[in-house]
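Data first, discussion second: the structure below is written as structure tokens.
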2 protein chains.
Amino acid sequence: MEHEGARAPDGASVAKPEGLRERKRRETREATRRAAIALGLEHGWDAVTVEMICDAAGISPRTFYNYFPSREAAVLGEGKPMPNESQVAAFVAARGVSDVEAFAVMMAEVWTAAEPDRELFRQRRTLLDATPELAAANMMRITEARAQYAGIVRQRLDATRPSLGDADAEIEAAMAVSIAMGALQVMARGWLAGDGEAPLASLIHDYFPRVRRLTQAPSA
Amino acid sequence: MEHEGARAPDGASVAKPEGLRERKRRETREATRRAAIALGLEHGWDAVTVEMICDAAGISPRTFYNYFPSREAAVLGEGKPMPNESQVAAFVAARGVSDVEAFAVMMAEVWTAAEPDRELFRQRRTLLDATPELAAANMMRITEARAQYAGIVRQRLDATRPSLGDADAEIEAAMAVSIAMGALQVMARGWLAGDGEAPLASLIHDYFPRVRRLTQAPSA
DNA sequence: TGCATATTTGCAGAGTGTGCAACGAACTGT
DNA sequence: ACAGTTCGTTGCACACTCTGCAAATATGCA
């Protein structure tokens with residue numbers, strides 16, 4: 001399910017025949033997503049109705065709800081963004097950076113990878129940033145996945161600080177997730193303000209000294 | 001408008017006649033809020049309809065929307081929670097704690113003060129914690145007020161670190177707000193798990209060493 | 001070609017939220 | 001106490017989101 005083109009020597013490779021059905025479905029979904037984002041940027045998200053999106057995408061309103069569970073999902077994407085195994089492994093093994101920073105970098109990579117089209121990624125982020133309603137819906141998605149994220153952070157904590165008690169590890173994992181998400185919100189805004197050349201992940205390293213300073217009690 | 005009972009020597013004091021109209025309005029609002037929270041805890045928030053709340057509160061559905069702009073607002077309270085002047089002054093002047101920690105303490109106090117009824121505060125927090133939809137709506141409220149919160153943090157930064165450039169201060173203020181809100185989310189959950197004796201603000205000081213550790217790069 | 005399966009669509013219905021106008025209760029001065 | 005003003009309540013119509021169901025349509029496969 002994850003292979004792409006798999007050009008094996010034998011012409012009839014194993015994966016991705018990509019039947020007509022699947023292709024049309026993917027295209028329809030993509031067209032709908034783009035229509036939703038474009039209309040949102042043009043008219044403001046709360047002025048965009050499902051009917052408008054459907055007219056632009058060439059589907060009926062009822063079909064829209066076969067693809068997306070809500071109007072917001074057309075912009076946000078419906079699945080919760082989850083790191084794959086190698087991303088988790090890199091996060092757990094990362095040294096020389098704080099737990100929060102490492103987690104933020106991983107999530108930035110997950111987001112970036114989930115939307116290969118840079119321009120669309122940027123547009124979506126802009127819309128999301130300008131629309132509290134969408135930001136809230138996005139938060140909801142993340143809140144629902146919070147326990148799973150915390151589980152990933154625990155893997156790192158168990159590896160780097162095995163002396164930590166069970167209850168403490170639980171709390172610190174949840175804390176790291178919440179703090180990283182908060183910081184990412186601001187960093188994403190900073191990324192939007194930039195020219196879009198620097199990848200989000202590198203911005204994070206630039207921003208993090210500030211995070212350290214803001215959480216540090218002055219010694220004086 | 002802000003005075004309470006003001007028993008001046010002369011019987012006819014200046015403030016708060018509290019006419020019958022105002023009293024009934026306050027009572028109706030309170031009854032509706034309590035009905036919404038109780039029903040949410042009993043049936044789960046998404047099973048609660050406006051009609052149910054209205055039946056319990058003894059008002060018509062149309063009247064509900066005269067009090068609250070949305071179903072969620074009945075639980076969350078409609079105004080954005082804002083610190084008063086003395087709270088801001090204390091925050092700006094607080095020494096020996098990090099910016100994020102000081103801001104978190106201030107917000108905890110604002111929340112606590114906004115809901116004098118401890119039991120109701122706890123119930124609302126429980127419901128909010130169990131319902132991603134409500135947590136998201138709450139986030140939305142805060143997101144809308146984010147710029148104002150950042151302005152308050154800037155007052156502190158300008159006082160404690162005047163060498164900071166304008167753009168940097170802007171960014172760090174926004175960052176402090178986001179991080180504090182993230183951390184508060186977890187702390188509030190910890191407070192819920194406790195017996196409710198310790199005030200939220202004191203819990204924050206207990207939790208903060210963890211925040212410092214999680215954002216600190218290991219020296220090794 | 002013809003059958004099995006997946007997708008699209010319309011329709012009815014529940015629920016949220018808003019503007020408008022009528023109705024009723026509370027405040028005002030006399 | 002009374003008439004007039006003001007404010008809160010309610011019902012009604014309407015737009016919009018979202019769901020279940022069943023009919024119509026398109027695709028996949030032998």
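Labels below follow one simple rule: chain letters A, B, ... track the order of the sequence lines, proteins then strands, and each chain is numbered from 1.
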Between [X] and [Y], does at least one N-O distance fall below 4.0 Å, as a salt bridge requires?
{"X": "B:E197", "Y": "B:R118", "answer": "no"}
{"X": "B:R34", "Y": "B:E30", "answer": "yes"}
{"X": "B:R23", "Y": "B:E27", "answer": "yes"}

Send over the distance from [X] [atom1] to [N] [atom2], rounded to a whole Å.
{"X": "B:E51", "N": "C:dG17", "atom1": "CD", "atom2": "C1'", "answer": "15 Å"}
{"X": "B:E22", "N": "C:dA26", "atom1": "CD", "atom2": "P", "answer": "14 Å"}
{"X": "A:R71", "N": "D:dC16", "atom1": "CZ", "atom2": "P", "answer": "11 Å"}

If you look only at pairs with a residue in [range], which of them pass as a salt bridge (charged side-chain N to carboxylate O under 4.0 Å, His left out), with sequence neighbours excluded?
{"range": "residues 169-192 of chain A", "value": "A:D129-A:R189, A:R154-A:E170, A:R161-A:E172, A:E172-B:R210, A:E172-B:R213"}
{"range": "residues 175-186 of chain A", "value": "none"}
{"range": "residues 54-79 of chain A", "value": "A:R29-A:E78, A:R71-A:E133"}

Point to revise | Closest heavy-atom pair and its distance - B:D158, B:A169 | key: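 Heavy-atom minimum between the residues: OD1-CB, 4.5 Å.
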**Study point:** Donor-acceptor pair between A:S178 and A:R146 side chains, under 3.5 angstrom
**Key:**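 A:S178 vs A:R146: donor-acceptor pair found between side chains.
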Check your understanding: For residues A:T215 and B:T215, is any side-chain donor paired with an opposing acceptor at under 3.5 Å?
Key ->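 Side chains of A:T215 and B:T215: pair found under 3.5 Å.
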Output one line per pair: protein atom, nucleotide atom from nucleotides 28-30 of chain C, and distance, for all N/O pairs under 3.5 Å.
none

Review point. Should B:R21 be listed as having a side-chain N or O under 4.0 Å from OP1 or OP2 of D:dC7?
Key: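 So the side chain of B:R21 is outside the cut-off, no N or O lying under 4.0 Å from OP1 or OP2 of D:dC7.
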Exercise for review: Could you list all the ring pair (Phe, Tyr, Trp, His ring centres under 6.0 Å) pairs where at least one residue sits in residues 108-131 of chain A, not counting sequence neighbours?
Suggested key: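 The answer is A:F121-A:W191.
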Review point. Using the C1' atoms of five pairs at each end, what's the angle between the two axes of the helix from C:dT1-D:dA30 to C:dT30-D:dA1, to 10 degrees?
Key: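 About 20° separates the two local helix axes.
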Review point. Contacts to DNA chain C from residues 53-68 of chain A, heavy-atom cutoff under 4.0 Å, which residues?
Key: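 Correct list: A:I59, A:S60, A:R62, A:T63, A:N66, A:Y67.
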Review point. For DNA chain C, which residues in residues 23-30 of chain B have a heavy atom at a distance below 4.0 Å?
Key: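 Residues of residues 23-30 of chain B under 4.0 Å from DNA chain C: B:K24.
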Check your understanding: What pairs with B:A94 under side-chain contact (heavy atoms from CB on, under 4.5 Å), at least two apart in sequence or on another chain?
Key ->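 Scan of B:A94 (side-chain contact (heavy atoms from CB on, under 4.5 Å), adjacent residues dropped) gives B:V97, B:A102, B:R156.
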I'd like a table of atom pairs between the protein and nucleotides 2-4 of chain D - only N or O on both sides, under 3.5 Å - with the distance next to each one.
none

Review point. What residues, two or more places apart in sequence or in another chain, satisfy side chain to side chain donor-acceptor pair (under 3.5 Å) together with A:T49?
Key: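 A:T49: no side chain to side chain donor-acceptor pair (under 3.5 Å) contacts found.
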N/O donor-acceptor pairs under 3.5 Å from side chains in residues 201-208 of chain B, not counting sequence neighbours:
| residue | atom | partner | partner atom | Å |
| --- | --- | --- | --- | --- |
| B:S202 | OG | B:P199 | O | 3.1 |
| B:H205 | ND1 | B:E101 | OE2 | 2.5 |

**Study point:** Distance in Å, A:L200 CG paired with A:R125 CZ, rounded so as to fall on 0.5 Å steps
**Key:**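 Answer for the CG-CZ pair, A:L200 versus A:R125, is 8.0 Å.
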Review point. Has A:E144 got more than 12 heavy atoms of other residues, nucleotides or ligands less than 6.0 Å from its CD?
Key: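 Counting other residues, nucleotides and ligands, CD of A:E144 exceeds 12 neighbours.
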